Amino acid sequence: QVQLVESGGGLVQTGGSLRLSCAASGDTINYYTLAWFRQAPGKEREFVAVITWNGRSTYYRDSVKGRFTISRDNAKNTLFLQMNSLKPEDTAAYYCAASRALSILTTTAPYNYWGQGTQVTVSS
């Protein structure tokens, strides 16, 4: 089993940047599809970005395209999310997730492993 721990969240002003990290342990992430989801209070958890096991393919929700970049360092067993030009509507708890399915996955169901989340708050 793989354990995931997110870090890097915080309070930032509109237009600012944050870089989230997700450190994996217990197993190598080399053959996992990895993704970021987020959940705002009172809302369902939603897909943000996904990256395939080899890093060659990525996919984003429309509202973050051009602002967020997902990446991974398999040697360091770590997933990243660079978030630029942040907006108040990006405010949420951000979760990393891992799946053994080797494809682009944008729903929560295929992901077997989840981190505890890190809070991102964007002030206007």
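Because the structure is predicted, anything quoted here is derived from the model rather than measured.
- We find the NZ-OG distance between Lys87 and Ser124 to be 14.0 Å, quoted to the nearest 0.5 Å.
- Between atom CG of residue Asn84 and atom CZ of residue Phe68 there is a gap of 8.5 Å, rounded to the nearest 0.5 Å.
- Classified by interplanar angle (parallel below 30°, tilted 30° to 60°, perpendicular above 60°), the ring pair Tyr95/Trp114 is perpendicular.
- Residue pairs meeting the salt bridge (charged side-chain N to carboxylate O under 4.0 Å, His left out) criterion with at least one member in residues 89-98, sequence neighbours excluded, are Arg38-Asp90, Arg67-Asp90.
- The closest side-chain donor-acceptor pair between Asp27 and Tyr113, if any, does not fall under 3.5 angstrom.
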> After noting the C-alpha distance and the side-chain angles of Tyr94 and Trp36, does the key distance pass the ring pair (Phe, Tyr, Trp, His ring centres under 6.0 Å) rule?
Replying inline: CA-CA 7 Å; Tyr94 282 71; Trp36 289 96; 7.2 Å; no

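- A distance of 4.5 Å separates CG of Leu18 from CE of Met83, quoted to the nearest 0.5 Å.
- By the 6.0 Å contact criterion, OH on Tyr60 is enclosed, its count of non-hydrogen atoms from other residues, nucleotides or ligands being greater than 12.
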> Are Ile29 and Leu79 close enough, and set up right, to give a side chain to side chain contact (heavy atoms under 4.5 Å, CB included), and what steps lead you there?
Replying inline: CA-CA 9 Å; Ile29 62 170; Leu79 173 71; 5.6 Å; no

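- Here the CG atom belonging to Leu34 is positioned 7.5 Å from the CG atom belonging to Leu4, to the nearest 0.5 angstrom.
- Residues Leu105 and Pro110 come closest through the heavy atom pair CD1-CB, 3.8 Å.
- Applying the 6.0 Å contact sphere to NZ of Lys65 captures more than 12 heavy atoms from other residues, nucleotides or ligands.
- Thr69 contributes atom OG1, which lies 13.0 Å from atom CZ of Phe80 (distance to the nearest 0.5 angstrom).
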